[in-house]
2 protein chains.
Amino acid sequence: MPARSGARPIPQASAARLSRYLQVLGDLTTRTVSSADLARRAGVTSATLRKDLSFVGPCGTPGVGYEVEALIGQVSQVLGVHRRYRVALAGVGHLGQALAGYPGFTGRGLTIAALFDADPERIGGTVAGLQVHDIADVATVCRAADVAIGVIATPAGAAQQVAEALVDAGIRSILNFAPAALDLPADVQVRRVDLALELQMLAFHETHREPAGSAGGAVVVRR
Amino acid sequence: MPARSGARPIPQASAARLSRYLQVLGDLTTRTVSSADLARRAGVTSATLRKDLSFVGPCGTPGVGYEVEALIGQVSQVLGVHRRYRVALAGVGHLGQALAGYPGFTGRGLTIAALFDADPERIGGTVAGLQVHDIADVATVCRAADVAIGVIATPAGAAQQVAEALVDAGIRSILNFAPAALDLPADVQVRRVDLALELQMLAFHETHREPAGSAGGAVVVRR
DNA sequence: GACTGTGAAGGTTTTCACAGCT
DNA sequence: AGCTGTGAAAACCTTCACAGTC
């Protein structure tokens, strides 16, 4: 049967923002919150926020706002936070360790369940309370640990090989931090985060900045 | 007057991909490359790639392709890579160290110029060949080092305060890795990378996956 | 023959604006 | 009055398809 029946499909863009709202909601201490207020805290417009929440279903009270507690529950439900996903992390260098120690995975339905590396120095050691396994054992360990999602935090050169190993282990969702394109079967969901790219986008903005002070500074924008 | 005359404004989405092409181009050894080939290596369609490059200006030869060397030059120009930007990095934990040691910043016009932390244990130490300064000295050091871009890799609780210090130091572009929204003047360009968000998007996909094996696995699709 | 550059079509996302509820 | 939920419009982005060039 389909995961959840009814409702319209949720656009990617909305799903991404819903995750952000969830995070912001967690920091609130009030009992209710208006779309305008929540939107400001999340850095989006109130129209965008209301549209996003409309995919979750009617969940606010006109004239009042949204009940924080209840909203957290509903958004969590839609995003699949109620279901826990176990994550395997390949590559325990600085980035891998940063991820392993990242707070707020647990609060969002994610559990780091296994660590891997290829460096004999690191294999057998402990990071963030978890044992580091040999990347060669990835299939065995992942199946035993019921891992659903893989994260690649290795050097670029190793990324493709590690990705294939993860796929062989039955993993069909991969988050890739290595600056390399992965060539994998179409049914594997791959997301990539390129740390340098984000910085380069800022540099791009600097370069194309309005020289005379007109506020805003966007490239297009500003009717 | 506008930063660069002629040409149409470059859409955000295209600018982001141009950065990726630049990275892929750097790995090529051939003298020319076709849109189809380059697109495959970058993980986009050839139509998208050609459209993106059209914003750079005519730069290919019909029947042949693009000259790698020349294309790197033109894309670099547009992205502002020809101009070097100096980057300040606040927070030298695992994530900060991963960023400080990230290869490929230099190749993309970015130089890590200064490191900061609030932990006395770390201040005065050396990371990736750079001295770690006290975050309290951020204004002095940044101005001396001619920093244009700031990166926040601190815990969430410190992010706002550090961001304000960076702005006071004259920085108008900030990349925020802390899971916190920053409240800053409108003329400051802020980009945020949320490591947990990307993982959550994968979890979302897992949750909404077609149960019976129909390939594709997207949420919408299904004509 | 092979490939680029680009108008036009198609799809998605954002914004607007307002009906309707409390 | 204040605020949500949502059609409709606008903006934005991707894909198609082909004229034009080498």
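Within every chain, numbering begins at 1; the chains are lettered A, B, ... in the order of the sequence lines, protein sequences first and strands thereafter.
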What's the [atom1]-[atom2] distance between [X] and [N], to the nearest Å?
{"X": "B:Leu53", "N": "C:dT6", "atom1": "CG", "atom2": "P", "value": "11 Å"}
{"X": "B:Arg8", "N": "D:dC12", "atom1": "CZ", "atom2": "C1'", "value": "15 Å"}
{"X": "B:Arg40", "N": "C:dC3", "atom1": "CZ", "atom2": "P", "value": "13 Å"}
{"X": "B:Asp52", "N": "C:dT6", "atom1": "CG", "atom2": "P", "value": "13 Å"}
{"X": "B:Arg17", "N": "D:dT14", "atom1": "CZ", "atom2": "C1'", "value": "8 Å"}
{"X": "A:Leu18", "N": "C:dT14", "atom1": "CG", "atom2": "C1'", "value": "15 Å"}
{"X": "A:Glu67", "N": "D:dC3", "atom1": "CD", "atom2": "C1'", "value": "16 Å"}
{"X": "B:Ile10", "N": "D:dC13", "atom1": "CD1", "atom2": "P", "value": "12 Å"}

Query - Side-chain ion pair, A:Glu67 and A:Arg31, N-O less than 4.0 Å - result: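 Between A:Arg31 and A:Glu67 there is a salt bridge, with a charged N closer than 4.0 Å to a carboxylate O.
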Report task. Check every atom of C:dT15, D:dT6, D:dC13 against the side chain of A:Ser54 and return the nucleotide holding the closest atom. Result ->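 Side chain of A:Ser54 sits closest to D:dT6.
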**Report entry** Options D:dT14, C:dT13, C:dT15, nucleotide nearest the side-chain atoms of A:Thr45
**Finding:**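 My answer, after comparing the listed nucleotides, is C:dT15.
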Query - Sequence-distant partners of A:Asp194, side-chain hydrogen bond (donor to acceptor under 3.5 Å, both in side chains), two or more places apart - result: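 Scan of A:Asp194 (side-chain hydrogen bond (donor to acceptor under 3.5 Å, both in side chains), adjacent residues dropped) gives B:Arg108.
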Taking only the side-chain nitrogens and oxygens of [X], find out if one of them lies under 4.0 Å from OP1 or OP2 of [N].
{"X": "B:Thr48", "N": "D:dT14", "result": "no"}
{"X": "B:Tyr66", "N": "D:dC22", "result": "no"}
{"X": "A:Thr61", "N": "C:dT22", "result": "no"}

Please write out the pairs of protein N or O atoms and N or O atoms of nucleotides 18-20 of chain D separated by less than 3.5 Å, giving the distance to one decimal.
none

Query raised in the report: B:Val64 or A:Lys51: which one's nearest nucleotide on DNA chain D is closer to the 5' end?
Result: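 Looking at the nearest nucleotide for each, A:Lys51 comes out on the 5' side.
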Query - Contact summary for A:Gln77 and A:His82, nearest pair of heavy atoms - result: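 Closest approach of A:Gln77 to A:His82, heavy atoms only: O-CE1, 3.3 Å.
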Query raised in the report: Quick one: which of A:Thr154, A:Asp183, A:Ile152 gives a side chain to side chain contact (heavy atoms under 4.5 Å, CB included) with A:Gln160?
Result: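 Per the side chain to side chain contact (heavy atoms under 4.5 Å, CB included) rule, the option paired with A:Gln160 is A:Asp183, out of A:Thr154, A:Asp183, A:Ile152.
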For the pair [X] (side chain) and [Y] (backbone), establish whether a donor and an acceptor sit closer than 3.5 Å, ignoring hydrogens and angles.
{"X": "B:Gln23", "Y": "A:Pro179", "value": "yes"}
{"X": "B:Arg8", "Y": "B:Ser54", "value": "yes"}
{"X": "B:Tyr85", "Y": "A:Leu199", "value": "no"}
{"X": "B:His208", "Y": "A:Val78", "value": "yes"}
{"X": "B:Arg191", "Y": "A:Leu202", "value": "no"}

Check the interface with nucleotides 9-11 of chain D: list each N/O to N/O pair with the protein under 3.5 Å, or write none.
none

